[in-house]
Amino acid sequence: MLLKNKAVQLWARRLHIYISMALLLVVLFFSVTGITLNRPELFVKSQPTVEELTLLLPDSLFQSGKAPFVPSEQRFLAYLQQYADMSGTPSAMEVFTDVEEGELVEGEISLDYKGPGFNATVFVDLTTKEAVIEKSHYGVVAVLNDLHKGRNSGEVWKWFIDITALLMVLFVLTGVCLLLPKKKTLATSLKWTALGSLVSLLVFFLAVP
């Protein structure tokens with residue numbers, strides 16, 4: 001059998017060991033955050049820490065916009081990052097302006113930022129050029145929980161989760177491959193596999209509402 005071949009066994013052993021060491025911290029992270037996700041009432045703040053900030057936007061920010069009285073989105077976001085220490089992923093700007101005879105009567109900009117364990121709202125009164133920013137922080141555990149779920153954590157982190165999951169699958173498969181030549185150990189392992197699977201199914205069918 002191919003899987004019992006010495007060369008295959010050698011590579012399976014190497015991959016099993018190297019993957020287990022490479023994923024040591026990652027598996028620990030997902031294990032611990034699995035508990036904190038399952039019991040949020042014990043670990044996550046019920047009320048966030050709210051921080052409010054007011055900025056008076058400079059006139060120069062409004063001189064490069066495509067629309068009158070409205071700053072360019074790129075420069076506006078860069079300004080917020082520099083002077084309001086904004087993090088996370090911003091939404092698209094929602095802009096409202098009421099212009100009469102070339103004069104701005106009323107106008108506003110609003111957008112949101114979302115990140116792991118964090119969100120913020122930005123509201124700008126275009127008539128006064130004043131920005132009101134409200135940041136909500138839900139604590140370190142909320143950050144870790146959102147990273148576990150890949151929520152508001154960016155495309156690179158999502159790829160990291162996908163690759164980690166594939167490596168975990170490979171870790172399991174190489175472990176099975178290493179057991180195949182060991183008949184006694186394989187038989188015992190299969191019994192434990194059957195028991196674990198049976199317990200999981202019984203809990204699901206009998207205990208899950």
Side-chain angles (χ1 to χ4, degrees), residues 22-67 69-97 106-168 208-209:
L23 295 182
L24 181 64
L25 184 61
V26 177
V27 171
L28 182 62
F29 164 75
F30 281 107
S31 299
V32 172
T33 52
I35 297 172
T36 58
L37 272 171
N38 195 46
R39 300 290 182 181
E41 68 278 3
L42 298 178
F43 299 102
V44 180
K45 289 182 179 180
S46 57
Q47 296 295 328
T49 301
V50 179
E51 175 188 359
E52 191 169 295
L53 175 68
T54 302
L55 288 178
L56 187 61
L57 303 178
D59 292 336
S60 59
L61 196 63
F62 294 81
Q63 295 171 0
S64 59
K66 294 180 180 179
F69 311 108
V70 180
S72 75
E73 187 167 354
Q74 185 177 1
R75 288 193 64 192
F76 180 56
L77 295 179
Y79 186 89
L80 289 178
Q81 185 175 6
Q82 181 178 358
Y83 293 98
D85 194 27
M86 301 299 289
S87 60
T89 303
S91 66
M93 288 196 324
E94 294 184 10
V95 181
F96 164 76
T97 56
E106 187 179 358
E108 63 183 41
I109 296 173
S110 60
L111 70 153
D112 299 319
Y113 280 79
K114 292 182 184 286
F118 164 85
N119 62 63
T121 58
V122 180
F123 177 83
V124 180
D125 186 337
L126 292 176
T127 59
T128 61
K129 298 178 182 175
E130 185 178 78
V132 178
I133 302 161
E134 186 176 278
K135 302 179 183 180
S136 299
H137 301 269
Y138 292 85
V140 175
V141 175
V143 173
L144 298 177
N145 285 350
D146 281 352
L147 288 174
H148 182 112
K149 295 182 289 186
R151 182 186 181 199
N152 302 323
S153 51
E155 195 63 30
V156 173
W157 184 260
K158 286 185 177 181
W159 276 104
F160 176 77
I161 292 176
D162 291 341
I163 292 169
T164 298
L166 290 173
L167 288 174
M168 287 180 182
V208 177

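Values in this document were obtained by computation on a predicted structure and should not be read as measured data. For the single chain, residues carry numbers from 1 onward in sequence order. Computed over heavy atoms, backbone and side chain alike; hydrogens, waters and symmetry mates excluded.
Shown here for F118 and S87, the closest heavy-atom pair between the two residues is CE2-O, 3.2 Å. Nearest heavy atoms, H148 versus T33: ND1-OG1, 2.6 Å. Nearest heavy atoms, I133 versus A84: CD1-CB, 3.6 Å. For the residue pair G88 and Y113, the shortest heavy atom distance occurs at O-CD2, 4.1 Å. Between P90 and L111 the shortest heavy-atom distance is CB-CD1, 4.2 Å. Minimum heavy-atom separation, I109 to M93: CG2-SD, 3.9 Å.
The shortest side-chain heavy-atom distance between N152 and T89 does not fall under the 4.5 Å cut-off. Y138 has its side chain within reach of N119: a pair of non-hydrogen atoms, C-beta onward, lies under 4.5 Å apart. Annotation: side chain of V70 is not in contact with side chain of F76 (no heavy-atom distance under 4.5 Å).
Heavy atoms of other residues, nucleotides or ligands lying less than 6.0 angstrom from NZ of K158 number 12 at most. A 6.0 Å sphere centred on CD of Q81 holds no more than 12 heavy atoms belonging to other residues, nucleotides or ligands. Atom CD of Q47 is surrounded by 12 or fewer heavy atoms from other residues, nucleotides or ligands within 6.0 Å.
Going from atom OG1 of T127 over to atom CZ of F69 covers 11.5 Å, rounded to the nearest 0.5 Å. Rounding to the nearest 0.5 Å places CG of L23 at 11.0 Å from CD1 of I163. S153 OG to K114 NZ: the interatomic distance, rounded to the nearest 0.5 Å, is 13.5 Å. Note that CE of M86 is 13.5 Å distant from OH of Y79, once rounded to the nearest 0.5 Å. The CD atom of E108 lies 11.0 Å from the OG1 atom of T128; values are rounded to the nearest 0.5 Å. Separation of atoms CD1 (I35) and CG (L42) is listed at 11.0 Å; rounding is to 0.5 Å.
Under a 3.5 Å cut-off, the side chain of S91 and the backbone N or O of D112 do form a donor-acceptor pair. K135 places no side-chain N or O within 3.5 Å of a backbone atom of L53 that could act as its donor or acceptor partner. The backbone N or O of R151 lies less than 3.5 Å from no partner atom in the side chain of D146, so there is not a single donor-acceptor pair.
Side-chain atoms of N145 and T36 include a donor-acceptor pair closer than 3.5 Å.
Considering V141, L144, V32 in turn, V141 is the only one that fulfils the side-chain contact (heavy atoms from CB on, under 4.5 Å) rule with F43.
Using cut-offs of 30° and 60° for the angle between ring planes, the W157 and F29 rings count as perpendicular.
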Inset, instruction - Apply side-chain contact (heavy atoms from CB on, under 4.5 Å) to F30 and I161, showing your working. - result: CA-CA 10 Å; F30 281 107; I161 292 176; 4.2 Å; yes

Legend entry - Candidate pair E134 and F123, rule side-chain contact (heavy atoms from CB on, under 4.5 Å), full reasoning: CA-CA 9 Å; E134 186 176 278; F123 177 83; over 6 Å; no

